[in-house]
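Residue indices begin at 1 and follow the sequence shown.
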Amino acid sequence: FDDALKLDPRFLEARNNRGVVLLEQGSLDASEAEFRQVVDAGPGAERKNAYFNLGLVQKKRGLDAEAEKLFTLVLQDDGKMVRARRERGLLRMKRDDFDGAGDDLITVLKVDVNDAVAAYNAALCLLAGDPPRRDLAVAYMEMAAKAAPESDEGQKAKRFLQREAEIGKR
């Protein structure tokens with residue numbers, strides 16, 4: 001990325017990607033600086049990605065409200081960005097907004113039925129709702145278990161379904 005940016009400092013995709021690498025290395029300040037440069041460059045295809053990545057930085061910092069605002073900003077620009085909708089849904093769950101989180105996660109599943117994270121967490125939202133929707137939660141747990149049986153969510157979904165089956169036998 002450094003070589004590409006030396007040739008063209010306005011190469012926003014390279015700057016954004018360098019920010020992602022820095023984020024993955026845990027260099028939050030450096031990655032944030034890269035993403036802010038992309039945002040400051042003005043409108044363009046990479047801007048929404050930079051806002052999304054800034055949301056990830058804030059989430060890693062534990063600044064969930066700021067991260068949620070950034071993911072919402074991305075969705076205002078591109079309502080179909082599944083990654084932003086999933087992240088916002090997960091953050092909404094943390095603040096007990098199970099209706100909003102469920103809406104986000106179910107929207108993700110309309111685009112990608114194999115998203116085990118969205119399916120598992122949508123099920124949790126349904127269980128936490130008022131009233132709880134255990135019937136639908138079971139269906140979403142089945143989706144999670146089928147989509148990624150070896151993932152953490154798939155394993156937790158399978159355990160949930162096994163307990164449901166045991167309860168049904170009583």
Side-chain angles (χ1 to χ4, degrees), residues 16 19-20 23-24 26 28 31-32 35-36 38-39 43 45-170:
N16 213 1
V20 170
L23 175 62
E24 290 174 358
L28 300 183
S31 66
E32 181 176 4
F35 300 139
R36 293 227 180 264
V38 174
V39 168
E46 280 302 307
R47 192 174 199 185
K48 74 178 174 188
N49 291 326
Y51 276 126
F52 174 79
N53 291 329
L54 281 168
L56 295 177
V57 169
Q58 300 311 331
K59 184 179 176 185
K60 277 199 177 222
R61 287 187 167 135
L63 302 172
D64 292 347
E66 182 63 26
E68 186 177 338
K69 286 179 191 174
L70 288 160
F71 296 136
T72 298
L73 186 64
V74 171
L75 291 168
Q76 288 170 347
D77 183 49
D78 180 0
K80 295 180 181 180
M81 189 175 195
V82 174
R83 299 175 301 153
R85 192 162 301 278
R86 181 188 317 102
E87 291 295 334
R88 187 176 73 174
L90 295 173
L91 289 171
R92 286 177 165 181
M93 283 182 71
K94 285 178 73 174
R95 62 177 176 79
D96 295 340
D97 176 6
F98 297 112
D99 290 337
D103 288 346
D104 277 343
L105 297 167
I106 289 169
T107 299
V108 168
L109 291 167
K110 288 177 182 176
V111 175
D112 182 3
V113 296
N114 292 316
D115 188 322
V117 172
Y120 176 77
N121 286 289
L124 295 180
C125 289
L126 289 163
L127 290 169
D130 187 22
R133 294 294 311 270
R134 200 162 202 84
D135 55 335
L136 285 175
V138 167
Y140 283 108
M141 289 291 188
E142 289 170 346
M143 285 176 68
K146 181 180 176 187
E150 301 306 316
S151 70
D152 287 343
E153 289 78 11
Q155 293 293 314
K156 289 186 267 187
K158 287 196 271 188
R159 285 192 298 273
F160 172 87
L161 293 167
Q162 287 170 344
R163 285 193 295 274
E164 284 295 300
E166 290 170 7
I167 291 169
K169 290 179 185 177
R170 294 181 192 169

Heavy-atom side-chain contact between Val113 and Asp115 under 4.5 Å
no
With rounding to the nearest 0.5 angstrom, report the CG to NZ distance, Leu28 to Lys59.
13.5 Å
Measuring only between side-chain heavy atoms, which start at C-beta, is Arg86 closer than 4.5 Å to Leu105?
yes
Nearest 0.5 Å, please: how far is CD in Glu66 from CZ in Phe71?
10.5 Å
Are any non-hydrogen side-chain atoms of Leu127 and Phe160 less than 4.5 angstrom apart?
yes
Of all the heavy-atom pairs spanning Pro149 and Gln155, show the shortest one and how long it is.
O-NE2, 2.6 Å
Just how far is it from atom CD1 of Ile167 to atom CD of Glu164, taken to the nearest 0.5 Å?
5.0 Å
Mind checking the CG-CZ spacing from Leu54 to Arg47? Nearest 0.5 Å is all I need.
11.0 Å
Euclidean distance, Gln76 CD relative to Tyr51 OH, rounded to 0.5 Å:
10.5 Å
Tell me whether the count of non-hydrogen atoms from other residues, nucleotides or ligands lying under 6.0 Å of NZ in Lys69 goes above 12.
no
Measure centre to centre between the rings of Tyr140 and Tyr120, then say whether the value is under 6.0 Å.
no
Measuring only between side-chain heavy atoms, which start at C-beta, is Leu91 closer than 4.5 Å to Arg95?
no
Side chains of Val20 and Phe35 in contact at under 4.5 Å (non-hydrogen atoms)
yes
Check: Glu87 and Leu56 side chains under 4.5 Å, non-hydrogen atoms
yes
Are Arg83 and Asn49 side-chain neighbours, meaning at least one heavy-atom pair lies under 4.5 Å?
yes
Arg85 (side chain) donor-acceptor with Leu75 (main chain) under 3.5 angstrom
no
Please test Thr72 against Arg88 for side chain to side chain contact (heavy atoms under 4.5 Å, CB included), starting from the C-alpha separation and ending with a verdict.
CA-CA 7 Å; Thr72 298; Arg88 187 176 73 174; 3.2 Å; yes
Salt bridge flag under 4.0 Å for residues Arg61 and Glu32
yes
Do you know which two heavy atoms are closest between Val108 and Ala118, and how far apart they sit?
CG1-CB, 3.8 Å
Salt bridge check: are Lys48 and Asp77 linked by an N-O gap of less than 4.0 Å?
no
Contact check, side chains of Leu90 and Val117, non-hydrogen atoms, under 4.5 Å:
yes
Could you pull out the closest heavy-atom pair between Gly89 and Asp104, with the gap in Å?
N-OD2, 3.5 Å
NZ on Lys146 to CG on Asn114, rounded to 0.5 Å:
8.0 Å
Grab the two heavy atoms, one from Ala116 and one from Glu153, that are nearest each other, plus how far apart they are.
O-CB, 3.9 Å
For the residue pair Arg92 and Gly100, what are the closest heavy atoms and their distance?
NH1-O, 3.3 Å
